[in-house]
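One structure is given here, and the rest of the page talks about it.
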There are 4 protein chains.
Amino acid sequence: MQSRTRSTRAGRPRSATADAAILAATRAALVELGWSRLTLGDVATRAGVAKTTLYRRWAGKNELVVDAVAELFDELRLPDHGSLAADIEGVVLQFAAILDRPEARSGLMAVVAESTRDEALRERIRTSIVDRQKRLVLEGRARARSRGELPPEPAPEEAARTADLIFDMVAGAVVHRTLISAEPADEQWVRGFTRILLTGLAAHSPSGGPSLLEELGGI
Amino acid sequence: MQSRTRSTRAGRPRSATADAAILAATRAALVELGWSRLTLGDVATRAGVAKTTLYRRWAGKNELVVDAVAELFDELRLPDHGSLAADIEGVVLQFAAILDRPEARSGLMAVVAESTRDEALRERIRTSIVDRQKRLVLEGRARARSRGELPPEPAPEEAARTADLIFDMVAGAVVHRTLISAEPADEQWVRGFTRILLTGLAAHSPSGGPSLLEELGGI
Amino acid sequence: MQSRTRSTRAGRPRSATADAAILAATRAALVELGWSRLTLGDVATRAGVAKTTLYRRWAGKNELVVDAVAELFDELRLPDHGSLAADIEGVVLQFAAILDRPEARSGLMAVVAESTRDEALRERIRTSIVDRQKRLVLEGRARARSRGELPPEPAPEEAARTADLIFDMVAGAVVHRTLISAEPADEQWVRGFTRILLTGLAAHSPSGGPSLLEELGGI
Amino acid sequence: MQSRTRSTRAGRPRSATADAAILAATRAALVELGWSRLTLGDVATRAGVAKTTLYRRWAGKNELVVDAVAELFDELRLPDHGSLAADIEGVVLQFAAILDRPEARSGLMAVVAESTRDEALRERIRTSIVDRQKRLVLEGRARARSRGELPPEPAPEEAARTADLIFDMVAGAVVHRTLISAEPADEQWVRGFTRILLTGLAAHSPSGGPSLLEELGGI
DNA sequence: TCATAAGCGAGACGGTACGTCAGGTCTTCCA
DNA sequence: TGGAAGACCTGACGTACCGTCTCGCTTATGA
C-alpha cells in the first residue's frame, strides 16, 4: 500500500522518546536559566541527545519553546464548582498558578516577543496555545447555559466573537497582572476581576442579566 | 561648593545629545531588526557613538530598550469625548495603535520576558511604564466622577486596588488581543470590550449602576 | 574444507562492481573538490552506494584515497627510446603528467601527510605505490645493462640500495618540482635533470663511466 | 604625516606577543596531534588567545601552518666543512633532521596537498619556504666557486635555472626519502646521494670536471 | 524449499569542529 | 577626563561530516 510505503519509510526511524526528553529538558532549562540564557546545546545535553537531533525536529529556539510551554497549558481543567462565577475563579487561579511557574513566565513572553516579527511563529502560538485553550471559554459558557446562568446561544458569528473577546479579557488580565504589573493574582484580585467580568457579561445579553446581578450583589 | 563640584566635575562633560540619539537609534533598530537581532554595536553605530559610551550609561540591552520603549507610551493622552465610554474607547484605540508599531511590539514583550528573571528590570518596567500610565485610569475615573458617571471615591485603599485592577483589565486585554491572539483591536472589538468593562464597573458600585446601564443599553 | 568454508561463506556476497565504482567516484570527487572537501558521504552518493557499504570495505578516507590514487600510477610504462637517457626522460615526463592531474596532486600529498602519523597507512603507501613503481627503475637498469650503458650488476645489497636511491632522486625531484616548487616539469627541466642524474650514475661505477660521459658531452 | 596617521591608527593595537604564541602553539599541536586532528580552537586555547584573535590574523588552518612550519626551515645553516661535498652532506643532514621532527613532517606535506587547489596558498609556500631556502644553494655555489670547485658563473638566466634544478633535486630527494619512501636519510644514503649529484654537476660544466671526478673517486 | 546469514539502501543517531557573531571589557590616542 | 576606535576574551550559534546504528529488503548458500 502507498500509505504503508509512506509511513514505513526506509532508514532508521526517529527515536520516539527523544521528543519528550527534549521538551522536558527545555522546561528544566527554562526554570534554571530563563529564556535568554537557555541554549540549544545545553538542552541537547540535558536531554542526552545530540544538537543535530534537536535541529532535525525544531527549526530553532522559538519553535522549541512554544511546544515546551504549550504542554503546560494543557494541564488547565475547567472545574465544576456549581456556579459560573466559581468556575471562572477556579480556572483563573489555575492559569495564574501556571504563569507563576518560571518555565512558563519567561518562555511565554519571549516567544510572543519573537512572534511579533515572525508570522510562522505567530501561527504556531495561535494553534498550539491560544486556540487550544479557548476550549475553556466554550466549555464554561455551555455549562453556564445549561445551568441557566447565561441566555441561550446567539448567532454563531456573534458567539465566536464574544468567545474571543472573553478569552482576551481573561487571559490578558491574568498575564498583565502577573507578568507586567508583576503582582500576585491572589484570591482577592481574582474575585474582583470575576465580579466585573461576569456583571458585564450578564448585562451584555438582553435577557439574562437581572437575576445574575442580584446573585452577585450578595458576594 | 559641593554641589558645583558634583555637577561640574573635572574633565570633559558627557555629551547631552548622546542619550537622545541613542534612544532614537534603539527604536530605529527595533523597527528594522526586532529585539533579538538588535545589537548594541549596531545601535552605537547608528547613534554615531562608541560602544563604550553606550555601556557607560546603560547596563545592557534590556535597560536600554525599556527606556526607549517607555517614551512611546508617554504619547498616550486621555481624550475628552463627553462620556466615560467614549473616553475609554479613545484611549484603548490609542494604546492599540502604539502596540501596532513594531518598535513597541517586539521591544515591550521582550523586556517583560527578561524581567521575569530580573528583579531590577521588573522594577524599572513598573516605574517607567506601568505606574506611569496608571495616570490615565486615575484621570479618567476622576473625570467620570465629576460627570456623575461613577459613584464618589471609596476608601483610598479600595480605590487604589480598583485602579490597579482596571489597568490590568484594560492594558491586559489590549496586549493579549494584539500580541498574543494577534488579531486587530479594531473598533468593533473595542466597543464590545468597553461595554463589558463599563457595565461591570458600574454595577460593581452600589449606587451608580442603573443610569449607566440604561445608557449603555442604547448603544 | 576450511578454505572453502571461509571464502564462500553464507549470506549475500559483496557486490563486485561496487569497489570499482567507489574508486572511480573517489577520483572524480578528488578532481572536483580536492582532498579536504572530499567527504565519504559524497563519494558514496556518487558511486550509488550506501555509506555503510563504503565503510565495510575501507577503514576511512585515507585508505580509500591511497587505493584510488595507486591505480593512477599503474599506468606508468617504461618506453624504449633506444638509450637510457631517452628512456628516463620519457618516464619522467609520464610521471610529471600524472602529477599534473588534479586527482593525483591533492590526493597523493594528503595521504603522505596523514601517513606521517599512521604506521599502517605508511605501509599501505609503500606497498601500493612506492614499491610497486620501483619496477621502473629495475626494468630500466636491466635494459641499460643489456645495452652496455651501465656496468654489470654489483652485489645484490648494493644494487637494491642504489635502486632505492635512484627512485628517491627521480620521484623526489619530479614531486618537488611540480608540487612544492609548483613549476612545470617541462622538457628543458627534464633534460637538465636527466643529464645530471645520468652523469652521476655513470661516474659512480668504477668502469662504465668514460664512454657514457663522452656520449653525454655531445648533447 | 600620512604614514604616521596610517601606522598609529585609532583603537587598541594588536598584541605583539600573540603572533609568536600562536605559532608556537601551532607547532606544539602539530607535534601532539598532527595536521588532521589539529583544530584552531585548540591552538587558540594553547596560545591563551581567543579564536577570533586567531582568525583576525590568519585566514585558516592552511595559512597558519605554513607560517608555523616556515620558521622551522629558517634554522638551516650552510656549514663550512672545507669542501663542497662535505658542505652539501652537512646541509642535507640538517634538512633531514628537520623533516624528522613531527611538526614539520605532517605540516609540510599537508599544506602542499592543500596548495594544489589554492593558488594563494601555493604562492605563500613559495614565498615563505621555497624561495627563502634557495639561499642555501646560492651561498653554497658561490663558496664552491671561490674554492675553485665549480667553474665560473654562467649566464644569469642559466644560473638561475640550474639553481632551481639543484634545489628540486636536493630537497626533493630528501623529502621523498624521508616522507614518501619513509626510510631514514642516514649518512650512507646522504653520501651516495651527494656523490651522484656532485659528479653530475661537475661533469655538467665544460671545464671543472676531471679534477673533481678524481677527487671523488677516492671517497 | 526455505531458513539462515550476510550485504545493501536509507537515514537517524551522538559527536566534534567549524567559522561567525554579539556581548562586554580593555587599551590606545585625541579633544 | 570623556569619547571614538578597535582589539580582546568569552561563549553560543547553526552547519557539515564523522563513523555507528537500526531499520526493511535483497540475494545467496546449505540443510
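Proteins come first, then strands; the chains are lettered A, B, ... in the order of their sequence lines, and each starts at number 1. Values in this document were obtained by computation on a predicted structure and should not be read as measured data.
Distance NZ (A/K61) to C1' (E/dA22): 13 Å, rounded to an integer number of Å. Rounded to an integer number of Å, the gap from CZ of D/R57 to P of E/dT20 is 16 Å. Atoms CZ (C/R14) and P (E/dA5) sit 18 Å apart, rounded to a whole Å. Atom pair B/Y55:OH and E/dG24:P shows a separation of 4 Å (rounding to whole Å applied). The CH2-P distance, from C/W35 to F/dC18, rounds to 10 Å in whole Å. Remark: C1' of E/dG19 and CG of D/D42 are 16 Å apart, rounded to the nearest angstrom. As a whole-Å value, the separation of A/L54 CG from F/dA16 P is 17 Å. The CG atom of B/L33 sits 14 Å away from the C1' atom of E/dC21 (whole-angstrom rounding).
The line from CD of A/E114 to NZ of A/K61 is 8.5 Å long, rounded to the nearest 0.5 Å. Here CD1 of D/I22 is found 4.5 Å from CG of D/L54. Values are rounded to the nearest 0.5 Å. Rounding to the nearest 0.5 angstrom, the gap separating the CD atom in A/E123 from the OG atom in A/S128 is 9.5 Å. Rounding to the nearest 0.5 Å places CZ of C/R124 at 4.5 Å from CG of C/D67. Atoms OG1 and CE, from D/T116 and C/M109 in turn, are 9.5 Å apart once rounded to the nearest 0.5 Å. To the nearest 0.5 angstrom, C/R46 atom CZ is 8.0 Å from C/L38 atom CG.
Note on D/G60: nothing from the nucleic acid sits closer than 4.0 angstrom, heavy atoms only. Using a 4.0 Å heavy-atom criterion, one finds that C/T52 contacts the bases of the nucleic acid, with or without backbone contacts as well.
For the helix from E/dT1-F/dA31 to E/dA31-F/dT1, the axis fitted to the five pairs at one end and the axis fitted to the five pairs at the other end meet at an angle of 10° (nearest 10 degrees).
Contact annotation: A/T53 reaches the phosphate of E/dG14 (side-chain N/O to OP1 or OP2, under 4.0 Å).
Take the nearest nucleotide of DNA chain F for D/G11 and for C/P13: the residue whose nucleotide is more 5' is D/G11.
Residue-to-nucleotide contacts include no donor-acceptor pair under 3.5 Å from the side chain of C/K51 to the base of E/dG11. The base of F/dC21 sits with one of its N or O atoms less than 3.5 Å from a complementary donor or acceptor on the side chain of A/R12.
Ion pairing between a basic and an acidic side chain is recognised when a charged N comes within 4.0 Å of a carboxylate O; A/E71 and A/R27 show such pairing.
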